[in-house]
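These notes are about the structure you will find just below.
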Amino acid sequence: MVTDDPIRTDPENYRLLWENEFVRVLDYTDTPGVRTNDHDHPNSVLVALTDFDRHLRTPGRERSVHLDAGDAVWLPAQRHSGENVGSTPTHTILIELKGDGAGVASTETVGPTAAE
């Protein structure tokens, strides 16, 4: 279950596209310099629609991430905030898992990882 839902913490950036009992699909957009509030994501697949550079923060870790348009990456369940530190807008699609596949948001993991 998502505790701090990004649709509620950052409604100007996250938009619900579709959901059912298995997945929820979110559209995310921002511009350079925009920083999100702390929020939670369940296990998700993130698809980059634009090239972007982000700096992600958890209470104990920080990490910079670059993705190219067309990249699809695994985003383990996590709690973080992010900032667009690049020179281009960010546009992504997040496919969030529900139920047993959702996982538990962690502050130990930050950003995408290789698929398991």
Side-chain angles (χ1 to χ4, degrees):
M1 176 177 195
V2 176
T3 306
D4 283 327
D5 188 332
I7 289 176
R8 290 192 185 99
T9 63
D10 297 285
E12 62 281 358
N13 303 105
Y14 286 92
R15 182 171 62 98
L16 177 65
L17 294 179
W18 183 82
E19 76 178 308
N20 66 17
E21 65 271 23
F22 304 108
V23 298
R24 180 171 84 155
V25 182
L26 302 179
D27 180 80
Y28 176 83
T29 57
D30 72 18
T31 54
V34 168
R35 183 173 179 179
T36 61
N37 296 296
D38 288 340
H39 58 274
D40 299 319
H41 290 286
N43 287 327
S44 307
V45 174
L46 183 147
V47 180
L49 301 179
T50 59
D51 296 350
F52 68 87
D53 293 287
R54 299 193 68 67
H55 191 75
L56 301 170
R57 293 174 180 87
T58 70
R61 296 186 62 202
E62 294 187 24
R63 178 177 173 207
S64 292
V65 175
H66 171 83
L67 291 176
D68 293 317
D71 285 351
V73 295
W74 179 249
L75 188 70
Q78 59 191 265
R79 178 176 181 77
H80 66 222
S81 65
E83 180 179 1
N84 182 332
V85 294
S87 59
T88 60
T90 301
H91 190 187
T92 66
I93 300 294
L94 287 134
I95 301 110
E96 298 182 331
L97 302 181
K98 292 182 173 185
D100 292 342
V104 176
S106 168
T107 58
E108 299 300 314
T109 302
V110 61
T113 63
E116 294 182 7

Check: So among V85, V34, T92, T36, which one has a side-chain contact (heavy atoms from CB on, under 4.5 Å) with R54?
Finding: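 With R54 as partner, V85, V34, T92, T36 yield a single side-chain contact (heavy atoms from CB on, under 4.5 Å), made by T36.
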Margin query: Using the rule given for side chain to side chain contact (heavy atoms under 4.5 Å, CB included), can you reason through T50 versus T88, listing the C-alpha separation, both sets of side-chain angles and the distance that settles it, and then say yes or no?
Written below: CA-CA 8 Å; T50 59; T88 60; 5.6 Å; no
Item checked: Residue pair S87 / P32: nearest heavy atoms and the distance that separates them ->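 Closest heavy-atom pair between S87 and P32: C-CG, 3.6 Å.
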Notebook entry, point to check: How far apart are the closest heavy atoms of W18 and N20, and which atoms are they?
Noted result: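 Here W18 and N20 meet closest at CH2-ND2, 3.1 Å.
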Note to self: Going by the rule side chain to side chain donor-acceptor pair (under 3.5 Å), which residues pair with D68 if we only count those two or more places apart in sequence or in a different chain?
What the structure shows: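 H66.
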Check: Taking only residues two or more places apart in sequence or in another chain, which ones pass side chain to side chain donor-acceptor pair (under 3.5 Å) with T90?
Finding: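 Result, side chain to side chain donor-acceptor pair (under 3.5 Å) vs T90: D30, N84.
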Quick one: does any side-chain atom of [X] pair with a main-chain N or O of [Y] as donor and acceptor, under 3.5 Å?
X   : Y    : result
R63 : P112 : yes
S81 : R35  : no
N43 : L97  : no
D27 : L17  : no

Check: With sequence neighbours left out, which residue pairs that include part of residues 77-105 fulfil the ring pair (Phe, Tyr, Trp, His ring centres under 6.0 Å) condition?
Finding: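 Qualifying pairs: H39-H80, H41-H80.
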So, using salt bridge (charged side-chain N to carboxylate O under 4.0 Å, His left out) as the criterion, who are the partners of [X] when residues are at least two apart?
X   : value
R79 : D4, D40
D10 : none
E19 : K98

Margin query: Any heavy-atom pair between the side chains of L46 and Y28 that's under 4.5 Å?
Written below: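 The answer is no; the side chains never approach within 4.5 Å.
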Item checked: Close side-chain approach of V25 and I93, heavy atoms under 4.5 Å ->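 Side-chain contact under 4.5 Å: yes.
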Sequence-distant partners of [X], side-chain contact (heavy atoms from CB on, under 4.5 Å), two or more places apart:
X    : value
S64  : H55
V45  : V47, W74, I95
V104 : none
L26  : P6, I7, Y14, L16, R24, L94, E96

Next item on the list: Any chance you could measure L67, atom CG, to L49, atom CG, to the nearest 0.5 Å?
Entry: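 The CG atom of L67 sits 11.0 Å away from the CG atom of L49.
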Notebook entry, point to check: Where do L56 and V65 land on the side chain to side chain contact (heavy atoms under 4.5 Å, CB included) test, with the steps shown first?
Noted result: CA-CA 8 Å; L56 301 170; V65 175; 3.9 Å; yes
